[in-house]
There are 2 protein chains.
Amino acid sequence: MQLSNTSKYAIRILSYIAKNEDKKLQNAKELSEILEIPYKFLTKIMTDLVNKEFILSIRGREGGYKLARSASTISVLDILNAFNELTHFSECILGSQTCDPQKKCILHDQWAKPRTLIKQMFAETTLEKIEGEDFKT
Amino acid sequence: MQLSNTSKYAIRILSYIAKNEDKKLQNAKELSEILEIPYKFLTKIMTDLVNKEFILSIRGREGGYKLARSASTISVLDILNAFNELTHFSECILGSQTCDPQKKCILHDQWAKPRTLIKQMFAETTLEKIEGEDFKT
DNA sequence: TTTAAATACTACTTTAAGGTAGAAATTAAA
DNA sequence: TTTAATTTCTACCTTAAAGTAGTATTTAAA
Ligand code: SF4
Ligand code: SF4
């Protein structure tokens, strides 16, 4: 019951950038130090975030990253979706690909309520709404 | 947001054995075919389940496996705990080791409610209570 | 007493995620 | 125009989980 490291990093990175939108641009070196994410791994994820259109990058000296769209339009669910994390948890705690209510897996009934609650929570939590202050770990 | 394969297999195996307690013993070959779990991997997990005292094994010809204690005393939470799955999800969706409410991680407030619900669900769901019929996948 | 059916043990291989290294490309400042 | 600060690309290494193979051990039936 853990998100992948990549997803967790992505959430933390985007949250941090959202919280510091006043500073126009964030660069990889600083992000890496502040968020305690290995530099090379972070830049790999940043490229992903750019390709997935969460982030705009400005290359070259004085370049850096900023949000591609407003923090209020990016939900945690969007992020998880982009990193293929949704396909898992939204479907089945036991990993079934297709949820057939006629042929319930053994935890179907029990899992239904928590599943709905989690999904709602992820959908409603936009970057704008994130309050916590500890972006590390 | 997935359980490890090992945990999922363990849940399915124990559920199936609980549901068929009338048949005195289950053997690895049949379990492997019925549950569609690779034979060699299944026997590895069975040994774990024996060591962790969920299962009693009878060796030799006509041997097999049965529950070591009553289905009503084994919760999904127990199983996850035994396979070190709890340490993760019970603590933090973002993977923090220690949850310090003075120093909330960015999803603390949102995660609190779903987390409680999931944990309750796992704790309340004993093998006896599992209703679903599809033990595969 | 031999044999067949079962679990248990030891060791290896495969796969995917996580992470690292080095160099290329871009761009503004000096 | 050179240089330094930046992102981007390509390729590789590491680790843990998942899965496989072979053999030893146990035990009841034949
Ligand atoms: S039956 Fe329930 S738990 Fe199983 S796959 Fe479908 S939704 Fe998931
Ligand atoms: S602050 Fe909340 S989400 Fe973060 S580690 Fe603690 S319990 Fe988990």
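Here is how names work: the chains are called A, B, and so on, in the same order as the sequence lines, proteins then strands, and each is numbered from 1.
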Atom CD of A:Glu62 and atom P of C:dA25 are separated, to the nearest Å, by 22 Å
*Indicate whether OP1 or OP2 belonging to C:dA5 is found under 4.0 Å from a side-chain N or O atom of B:Asn27.*
no
When B:Thr43 and A:Leu3 are each assigned the nearest nucleotide of DNA chain C, the 5'-most assignment goes to B:Thr43
Under 30°, 30 to 60°, or over 60°: which ring-plane class applies to A:Trp111 and B:Phe122, parallel, tilted or perpendicular?
parallel
- Query: So is A:Lys52 actually on top of A:Phe83's ring, under 6.0 Å and inside 45° of the axis?
  - Reply: yes
From CD1 of B:Ile58 across to P of D:dA29 the rounded distance in Å is 14 Å
Separation of C:dT7 atom P from B:Ile13 atom CD1, nearest Å, is 12 Å
Out of D:dG19, C:dA5, C:dA29, minimum distance to the side chain of A:Arg61 belongs to C:dA29
Short side-chain N/O contact to D:dA18 OP1/OP2 from B:Thr6, under 4.0 Å: yes
Rounded to whole Å, the CD-P distance (A:Glu36 to C:dG18) equals 18 Å
Checklist line | Short side-chain N/O contact from B:Tyr9 to OP1 or OP2 of D:dA17, under 4.0 Å | finding: no
Picking from C:dG19, C:dT7, D:dT8, the nucleotide nearest the side-chain atoms of A:Asn5 would be C:dG19
When rounded to whole Å, the CZ to C1' distance for the pair B:Phe83 and D:dA16 reads 16 Å
B:Leu25 CG to D:dA28 C1', in whole Å, measures 13 Å
Sequence neighbours excluded, the answer for salt bridge (charged side-chain N to carboxylate O under 4.0 Å, His left out) partners of A:Lys29 is A:Glu33
Rounded to whole Å, the NZ-P distance (B:Lys8 to D:dA18) equals 8 Å
Open item on the list: Can you see if the side chain of A:Ser57 gets near the phosphate of D:dT8 - specifically, an N or O under 4.0 Å from OP1 or OP2?
Closed with: yes
Exercise. Look at all strands and tell whether B:Lys44 reaches a base, only sugar-phosphate, or nothing, counting heavy atoms closer than 4.0 Å.
Key: base
For the residue pair B:Ser75 and B:Asp78, establish whether any side-chain heavy-atom pair is separated by less than 4.5 Å.
yes
So, does the side chain of A:Arg59 form a donor-acceptor pair with the base of D:dT8 at under 3.5 Å? no
Out of D:dG19, C:dC9, D:dA18, minimum distance to the side chain of B:Lys40 belongs to C:dC9
**Prompt:** Does the side chain of A:Lys129 come within less than 4.5 Å of A:Thr126's, by heavy atoms?
**Reply:** yes
Contact class for B:Tyr39 vs. all strands (heavy atom < 4.0 Å): base, sugar-phosphate, or nothing? base
Rounded to whole Å, CZ of B:Phe41 lies from P of C:dT15 at a distance of 15 Å
